[in-house]
Protein chains: 2
Amino acid sequence: MKPIRPSIKDIAAHLNVSVTTVSFVLNGKGPEMRISEEVIQKILGYAREINYRPNQLAQSLRTGKTNVIVFMVEDISNPFFARLARIIEVIAYQKGYKVIFCSNENDDRHTGELLQVFRDQQVTGYIIIPSAGAKKQIKALLQEGVPVILFDRYFPELETNYVVIDNENATYQATKHLIGNGYRKIGFVTIAASQTQMVDRLKGYKKAVKEAKLRSRVLELPFGEDASEGEEHMRKFFEANPDLDAVFFATNYLAQQGLLVMREHFPGKLHAWGIMSFDDNEFFRIHTPSISAVAQPLEEIGSKLMEIMLDLLKNEKKALHQVVLTARLQERDSSQQKDVKSL
Amino acid sequence: MKPIRPSIKDIAAHLNVSVTTVSFVLNGKGPEMRISEEVIQKILGYAREINYRPNQLAQSLRTGKTNVIVFMVEDISNPFFARLARIIEVIAYQKGYKVIFCSNENDDRHTGELLQVFRDQQVTGYIIIPSAGAKKQIKALLQEGVPVILFDRYFPELETNYVVIDNENATYQATKHLIGNGYRKIGFVTIAASQTQMVDRLKGYKKAVKEAKLRSRVLELPFGEDASEGEEHMRKFFEANPDLDAVFFATNYLAQQGLLVMREHFPGKLHAWGIMSFDDNEFFRIHTPSISAVAQPLEEIGSKLMEIMLDLLKNEKKALHQVVLTARLQERDSSQQKDVKSL
DNA sequence: TTGAAAGCGCTAACAC
DNA sequence: GTGTTAGCGCTTTCAA
């Protein structure tokens, strides 16, 4: 039933030329190999006629290139990653690459296992958000010489390509924005993690608070907690700090949990407090009050990642690309002038 | 620099056995082929020692099986699809399959192009949300004999595997719930599409409304509009129907757009109207008022899809799996008893 | 200018 | 029980 797909051999046989000639022509090396125009046209024409499509498996086996790019994130169902995936996908398919995606759940063992699988698959390139302790695995990958790009965070000690945003400056500016709008007792909710991006965000907050001679009030949630535990911690933190007048969530899921806590336990604060989140989100526009956020430039991150990837794939001598992009502060109602808000 | 990966041949050479023996043993056919326990252990031991991993490309070229499953949805950045992707992913990797995902943008040409690419890649199985006019492409795929499962919607005229939910009954029940809670003038916002799931949702709404001897008020947005056009249409619809006391959005992104419109142009209605959405969402819990929704059983859909896929992959004689799952009504504040609400 | 042939790593029919 | 060998479909060196 399954129609036998024509192979290069069939073409050669039909046209009374050798497979070599066909292969050369099909790979655009006809002119280079000085194959006669007549033969070239004959082959191209027939290939089109029978709708010839090369067997990519065979091609890959031979060349060692699979044209598959892995996109590994913490959790593909996180809207931030999902939207990025979408952007990467579009560019990759345009350029003839396929994307395999996967979630490492921020777990080192899982990261290692997945990378093992992909190595077996001879994956062509990697775009990775590394889990906290994945330095060794990443290093091993680098040593194989395959293109690897980290993003969102990176290992300063490792000479890798990466695309990140200026987390420190972004939180610094956003915190200053809150201060500028009259907030003085700003809580910062983050997770206890040594990952560069979280460290930098905390740094930015502390810098702004210190400059304004305010006291920093940080809640560091234990790493790896589930949502309900996090919510419980936040509830206690808000309770223990009744004088807070603003809160800054260091990631979008922390904001999500925090908003829920506020809604359920401190409904009054929802409109009284200044609220700021890292990572923007469609729903922050819809929420009442609408939530101000540090918006990562998703399009830019995605296209930069692919631009670098394509460059690494093309050029034998691999340059080092380390890109820091600027985030944008999306001001909304939740961070409006304090006095105006509390009216 | 790149360490040469040991091949089956290396093992054979090192152990003074033939590649056949090695191949059999490694594929667990040792006992079947009555290869001596001693040789089996020797091969297994050495393979483990040098950390042998088969070249999957060669394996695939030979067997024609790639162990790659395609997961094609409208838009992977839609949270509904992203969460489903996550569920599929976990199961697939556990079973030794890889998942390639892609978005067809609900566009037939795009669907066709993607399928072409995957056919070239010798993809092992397909899980697809078909775009509206993709019947022909799906049919072609079926004829190749590869496992195909549709979900979310399907083509009744095509004998395919599918996993869907009982859209009609779900909207019927949800509409009855609104009616039961005192709402009488319920608008239904949907898109003009012939896709089974949208047709069924509208049907369910109409049935409930008719049974209650109420008038149906439907806004059918033109297919393929962008968000801002949709919002404009909704604004006009709400304006033209000032007596509405509830609104039912037929998809999560329509709800998203609608909530924004209400927030910006009819803030009073946000608390006065009954609101219901199809497809649940984390943010519906956080929203004020929290939004009631018809929740699709994501876990169940995902595991059912993979269960069917694994069955199709395993069994030569392929059974037909047509599964209809039940959605769950998630009642929240936005659909509370009308009189209670308007207090 | 074109063709023959080796071989990528693996499977499996067939031979011994 | 184990080995020989012919491919899977393609690229590429070498020879003509």
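In what follows, chains are A, B, ... by sequence order, proteins preceding strands, each numbered from 1.
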J.: Show the nearest heavy-atom pair for residues A/N161 and A/A319, with the distance to one decimal.
T.: OD1-O, 3.6 Å

J.: So that I can tick it off, tell me whether A/E74 and A/R153 are bridged by a salt bridge, with the cut-off set at under 4.0 angstrom between side-chain N and carboxylate O.
T.: yes

J.: I need the CG-C1' distance between A/L61 and D/dT11, as an integer number of Å.
T.: 11 Å

J.: Going by heavy atoms in the side chains, are B/V164 and B/T196 under 4.5 Å from each other?
T.: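 Contact flag for B/V164/B/T196 side chains = no.
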
J.: Nearest-Å distance, CG (A/L15) to P (C/dT2)?
T.: 12 Å

J.: For A/Q59 and D/dG9, give me the distance from atom CD to atom P, rounded to whole Å.
T.: 13 Å

J.: Where do A/Q197 and A/D152 come nearest, in terms of heavy atoms and distance?
T.: CB-O, 3.3 Å

J.: Can A/E307 and A/K95 be counted as an ion pair, charged N to O under 4.0 angstrom?
T.: no

J.: Taking atom P of C/dG9 as reference, at what distance in whole Å does atom CD of A/Q122 sit?
T.: 9 Å

J.: Considering only side-chain heavy atoms of B/K9, which listed nucleotide, C/dC8, C/dC10, D/dT11, is closest?
T.: C/dC8

J.: Can you tell me how far C1' of C/dC8 sits from CD of A/Q121, to the nearest Å?
T.: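 These atoms are roughly 16 Å apart.
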
J.: Closest-nucleotide mapping onto DNA chain C: is B/A58 or B/K29 further toward the 5' terminus? I mean the 5' end.
T.: B/A58

J.: Among D/dC8, C/dC10, D/dG9, find the nucleotide with the atom closest to the side chain of B/I8.
T.: C/dC10

J.: Mark yes or no for a side-chain to base donor-acceptor pair under 3.5 Å between A/R62 and D/dG9, with no hydrogen or angle criteria applied.
T.: no

J.: Please work out if A/S23 contacts a base, only the sugar-phosphate, or nothing of the nucleic acid, heavy-atom cut-off 4.0 Å.
T.: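 The answer is base, as A/S23 lies within the cut-off (heavy atoms under 4.0 Å) of a base atom.
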
J.: Could you report the tightest heavy-atom contact between B/L114 and B/N104, atom names first, then the distance?
T.: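 Residues B/L114 and B/N104, closest heavy atoms: CD1-CA, 4.1 Å.
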
J.: Round to the nearest Å and state the distance from B/N27 atom CG to C/dG9 atom P.
T.: 17 Å

J.: What pair of heavy atoms forms the shortest contact from A/G28 to A/P31, and how long is it?
T.: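 A/G28 and A/P31 have their closest heavy atoms at O-CD, 3.8 Å.
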
J.: Using five base pairs at each end, measure the axis-to-axis angle across the helix from C/dT1-D/dA16 to C/dC16-D/dG1 and round it to 10 degrees.
T.: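 It works out to 50° between the end axes.
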
J.: Indicate yes or no: does A/K42 engage A/E38 in a salt bridge with an N to O separation below 4.0 Å.
T.: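 A/E38 and A/K42: not salt-bridged.
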
J.: Testing the basics here: between A/T111 and A/S131, what is the closest heavy-atom pair and its distance to 0.1 Å?
T.: OG1-OG, 2.9 Å

J.: Are any protein N/O atoms closer than 3.5 Å to N/O atoms in nucleotides 1-3 of chain D? If there are, list each pair with its distance.
T.:
unit_1 : atom_1 : unit_2 : atom_2 : d
D/dG1  : O5'    : B/R34  : O      : 3.4
D/dT2  : OP1    : B/S36  : OG     : 3.3
D/dT2  : OP2    : B/S36  : N      : 2.7
D/dG3  : OP2    : B/S18  : N      : 2.7
D/dG3  : OP2    : B/T21  : OG1    : 2.9

J.: Find the distance B/K65:NZ to D/dC8:P and express it as a whole number of Å.
T.: 17 Å

J.: Quickly work out the B/L26 CG to C/dC10 P distance and round it to whole Å.
T.: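 Going from CG in B/L26 over to P in C/dC10 covers 9 Å.
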
J.: Check each residue of residues 43-57 of chain B for a non-hydrogen atom within less than 4.0 Å of any atom in DNA chain C, then write out the ones that pass by number, or none.
T.: B/Y52, B/P54, B/N55

J.: Compare all side-chain heavy atoms of B/R53 with those of A/Q116 and state whether any distance is below 4.5 angstrom.
T.: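 Yes. Closest side-chain heavy atoms under 4.5 Å.
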
J.: What are the two closest non-hydrogen atoms of A/T124 and A/K65, and how far apart are they?
T.: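 Scanning both residues, the minimum pair turns out to be OG1-C, 4.2 Å.
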
J.: Could you measure the distance from the CE atom of B/M309 to the NZ atom of B/K314? Nearest 0.5 Å is fine.
T.: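 Here the rounded value is 14.0 Å.
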
